[in-house]
Amino acid sequence: MAATSISSATNKLTDRSRPLPLHTTAAGSSAARLSFANSSISIQKLAISAASRNPAPRGSAVSALKTARESEQASKPRNSDSAEKSPKPTVLVSEKLGEAGLDLLRSYGDVECLYDLSPEDLCARIGEFDALIVRSGTKVTRQVFEAAKGKLKVVGRAGVGIDNVDLQAATEFGCLVVNAPTANTIAAAEHGIALLAGMARNVAQADASMKAGQWQRTKYVGVSLVGKTLAIMGFGKVGSEVARRAKGLGMHVIAHDPYAPADRARALGVELVSFDQAISTADFVSLHMPLTPTTNKIFNDATFAKMKKGVRIINVARGGVIDEDALVRALDEGIVAQAALDVFTKEPPSKDSKLVQHENVTVTPHLGASTKEAQEGVAVEIAEAVVGALRGELSATAVNAPMVPPEVMSELAPYVTLAEKLGRLAVQLAAGGSGIQSVKVVYGSSRDSDSLDTRLIRAMIVKGIIEPISDAHINLVNADFIAKQKGLRISEEKVAVDSSPDSPIDSIQVQISNVGSKFESALLENGNISIEGRVKDGMPHLTRVGAFSVDVSLEGNLFLCCQVDQPGMIGTVGNILGESNVNVSFMSVSRTVKRVKAIMAIGVDEAPDKETLKKIGEVPAIEEFVFLDL
Ligand SMILES: NC(=O)C1=CN([C@@H]2O[C@H](COP(=O)(O)OP(=O)(O)OC[C@H]3O[C@@H](n4cnc5c(N)ncnc54)[C@H](O)[C@@H]3O)[C@@H](O)[C@H]2O)C=CC1
Ligand SMILES: O=C(O)C(=O)COP(=O)(O)O
């Protein structure tokens with residue numbers, strides 16, 4: 001199987017479409033790393049919660065992978081001793097959110113609702129909060145993430161569109177972004193239908209005219225919907241619901257969506273067509289695609305020119321998908337007979353906006369999601385997602401992290417620990433740690449590549465390699481980004497082995513190329529540092545160093561010694577450690593040729609002092625040794 005690289009856009013082994021919020025902060029000092037290494041990791045709680053309960057600035061000693069004990073404590077009532085000691089997570093809600101959602105948030109953290117913050121005020125306050133909840137009115141820019149100084153762990157978008165959140169910046173800062181993608185679908189679809197029908201029958205204009213004392217029955221003759229062709233642009237959740245309702249109104253519905261499955265469209269009696277076919281045959285065009293760099297101003301002079309003269313346009317998606325000046329021109333020229341708009345490039349639009357003031361345009365102030373039902377639903381949906389993320393649970397709605405389904409997650413749990421420890425060991429074996437550019441990970445597995453999801457494992461190897469040599473904070477959100485930023489190329493390879501299909505992975509081998517090693521016995525013939533590990537009885541074990549088989553549980557710290565293979569070596573080293581009160585937890589000896597050279601891997605509970613290390617180094621038969629901090 002070909003090696004794949006995280007520097008490239010796709011990864012054969014690990015390309016999955018949904019996100020998971022493994023969210024951790026880093027240990028910035030060796031002391032912290034030590035305690036981090038000693039903690040046992042609860043996979044269900046791979047988490048931002050430890051960090052959010054004990055917030056600390058970047059570079060400080062915080063391990064955010066929750067221990068099983070911390071997880072237990074988190075679920076205890078708030079008046080328990082442990083909970084009293086930990087500050088509650090802080091949540092800033094910057095736009096109106098339904099009460100049920102606020103209640104849920106308050107049951108978990110300290111919630112502050114500040115609805116009218118200017119961008120400057122948001123930046124000034126954001127450093128106080130672990131989570132930020134927004135709707136479409138708050139721009140969560142790079143400046144916001146910078147101002148948060150690493151404190152902000154999660155941004156919750158109480159709705160669907162995340163075009164107001166700088167996802168790239170969020171990812172770079174290791175901040176998880178979650179949204180509430182389902183609770184306002186029907187509200188948005190109903191608003192689309194309301195605009196469609198209202199526009200066709202001039203409801204808003206006629207209403208305004210009557211209120212101005214007029215009775216203009218001839219002026220407001222409308223057009224019928226039945227039998228007309230409606231083009232749905234973006235056949236996702238809202239688009240499909242609009243289609244379903246429009247079919248009920250007797251319309252002929254077509255749709256354009258490059259990513260929508262044809263069978264979903266067929267099931268609704270909707271034909272999927274090309275962009276040009278959709279816009280050139282439709283009497284009504286309803287927009288339901290997200291605002292992205294691709295869809296930005298996708299409706300412009302050129303596209304309006306291709307439309308049927310007298311077309312009517314509905315937009316409950318995002319204002320930015322339309323070039324608004326071009327729409328005004330198309331309206332003036334009669335290409336577009338009418339438009340009904342809920343969303344605008346700039347919200348609110350300027351009071352003298354030609355588009356808003358146009359007599360053939362009906363407008364609403366971004367009300368698509370604004371029903372009581374949808375707002376309560378969205379509030380609960382986002383509150384659950386944010387609380388879950390702060391607790392370190394899986395989030396099905398993470399937008400900037402790969403989603404690993406819970407069953408995969410629990411299966412990979414022991415390998416997560418192993419992967420990080422292998423990364424930490426490998427980097428400590430490198431002669432020049434910061435010069436590492438190329439890492440190869442070889443997974444021994446009986447599974448085929450498609451059923452082996454390695455993103456989590458890869459992220460942990462990156463964490464293990466990078467954190468000991470930098471002040472970066474690695475989590476699943478930013479692992480690939482930071483690796484790329486640091487010029488670290490990770491290639492992955494799967495080797496088929498004949499092991500139990502019940503275990504996703506038999507072994508993980510981490511190889512580092514072209515750096516030389518502090519412990520030459522860890523080098524393979526090709527000059528790569530190589531270590532391999534396996535999970536045994538749920539515990540991570542180091543099973544190979546270079547060409548030598550070893551078997552040592554990866555707990556505490558580790559000595560690797562290379563010595564002449566002769567009697568008495570175990571006793572000699574064991575005695576030196578014993579004299580210094582260093583407890584040996586594990587020992588394994590391996591050799592390639594009898595009486596020539598052997599490798600001793602010794603697990604120790606305590607870190608030996610310099611004097612002890614010196615004594616070991618002075619044993620004549622010891623050719624080289626290295627002490628590794630797990
Ligand atoms: N006015 C309002 O209050 C509301 C507005 N919205 C907007 O509606 C949009 C759609 O919402 P959902 O249906 O829930 O999202 P969704 O993700 O279920 O659907 C979006 C669809 O657009 C498609 N798409 C992406 N690029 C496209 C392109 N270039 N051409 C055609 N289709 C493309 C996607 O494949 C997807 O099927 C959101 O992104 C949001 O901006 C959503 C809810 C309320
Ligand atoms: O969910 C969406 O994408 C919306 O546009 C709804 O926006 P809002 O939360 O009402 O500001």
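Residue numbers run from 1 in the order of the sequence given. For ligands, and for the atoms within them, numbers begin at 1 and follow the listed sequence. On a predicted model such as this, the values are computed, not experimentally measured, just so you know.
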What is the closest protein heavy atom to [atom], and at what distance does it sit?
atom                    : answer
atom 8 (O) of ligand 1  : Ala317 CA, 3.9 Å
atom 10 (O) of ligand 2 : Arg135 NH2, 2.7 Å
atom 36 (C) of ligand 1 : Asp257 OD2, 3.4 Å
atom 38 (C) of ligand 1 : Val160 CG1, 3.9 Å
atom 1 (O) of ligand 2  : Val160 N, 2.7 Å
atom 43 (C) of ligand 1 : Asn184 OD1, 3.5 Å
atom 44 (C) of ligand 1 : Ala188 CB, 3.6 Å
atom 31 (C) of ligand 1 : Pro258 CD, 3.4 Å
atom 5 (O) of ligand 2  : His366 NE2, 2.7 Å
atom 11 (O) of ligand 1 : Val238 CG2, 3.7 Å

Checking salt bridge (charged side-chain N to carboxylate O under 4.0 Å, His left out) for the pair Glu347/Lys139: CA distance, chi angles, key distance, verdict?
-> CA-CA 11 Å; Glu347 294 185 353; Lys139 306 281 172 256; over 6 Å; no

In ligand 1, which numbered atoms sit nearer than 4.0 Å to a non-hydrogen atom of [X]?
X      : value
Gly234 : 22 (O), 31 (C), 32 (N)
Phe235 : 37 (O)
Asp342 : 1 (N), 2 (C), 3 (O)
His366 : 1 (N), 2 (C), 3 (O)
Thr295 : 28 (C), 29 (N)
Tyr259 : 25 (C), 26 (N), 35 (O)

Would you mind finding which of [options] brings a heavy atom closest to [atom]?
atom                    : options                        : value
atom 9 (C) of ligand 1  : Arg264, Lys237, Arg135, His288 : His288
atom 30 (N) of ligand 1 : Arg318, His191, Met233, Met289 : Met289
atom 1 (N) of ligand 1  : Val242, Val321, Val378, Val316 : Val316
atom 22 (O) of ligand 1 : Ala187, Pro290, Gly236, Gly239 : Pro290

Check: [X] N/O within less than 3.5 Å of ligand 2 N/O:
X      : result
Ala317 : no
Glu95  : no
Ser370 : no
Ser136 : yes

Is atom [atom1] of [X] surrounded by more than 12 heavy atoms (other residues, nucleotides or ligands) closer than 6.0 Å?
X      : atom1 : result
Lys354 : NZ    : no
Asp448 : CG    : yes
Arg201 : CZ    : no

Asp276 and His256: CA distance, side-chain angles, deciding distance, side-chain hydrogen bond (donor to acceptor under 3.5 Å, both in side chains) verdict = CA-CA 9 Å; Asp276 280 2; His256 169 70; over 6 Å; no

Has the side chain of [X] got a donor or acceptor atom that lies under 3.5 Å from a matching backbone atom of [Y]?
X      : Y      : result
Asn202 : Val221 : yes
Asn475 : Gly174 : yes
Thr171 : Val477 : no
Asp207 : Met210 : no
Asn300 : Asp323 : no

Mutual orientation of the aromatic rings belonging to Phe173 and Phe145 [parallel < 30°, tilted 30-60°, perpendicular > 60°] | parallel

As an exercise, identify every atom of ligand 2 less than 4.0 angstrom from a heavy atom of [X].
X      : result
Arg318 : 2 (C), 3 (O), 4 (C), 5 (O)
Ala158 : 9 (O)
Ala369 : 6 (C), 10 (O)
Asn184 : 1 (O), 2 (C)
Gly159 : 1 (O)
Gly161 : 1 (O), 2 (C), 3 (O)

Might you point out which heavy atoms bring Ala326 and Asp301 nearest each other, and give the distance in Å?
->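 Looking at all heavy atoms of both residues, the closest pair is CB-OD1, 3.3 Å.
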
Ligand 2 versus Arg157, non-hydrogen atoms closer than 4.0 Å: side chain, backbone, both, neither?
->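 Under 4.0 Å from ligand 2, Arg157 contributes side-chain atoms alone.
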
So Ser209 and Gln216, side-chain hydrogen bond (donor to acceptor under 3.5 Å, both in side chains) or not? Walk me through it.
-> CA-CA 8 Å; Ser209 146; Gln216 297 179 294; 2.9 Å; yes

So, Asp480 and Arg455, do they make that salt bridge, N to O below 4.0 Å?
->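 No salt bridge links Asp480 with Arg455.
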
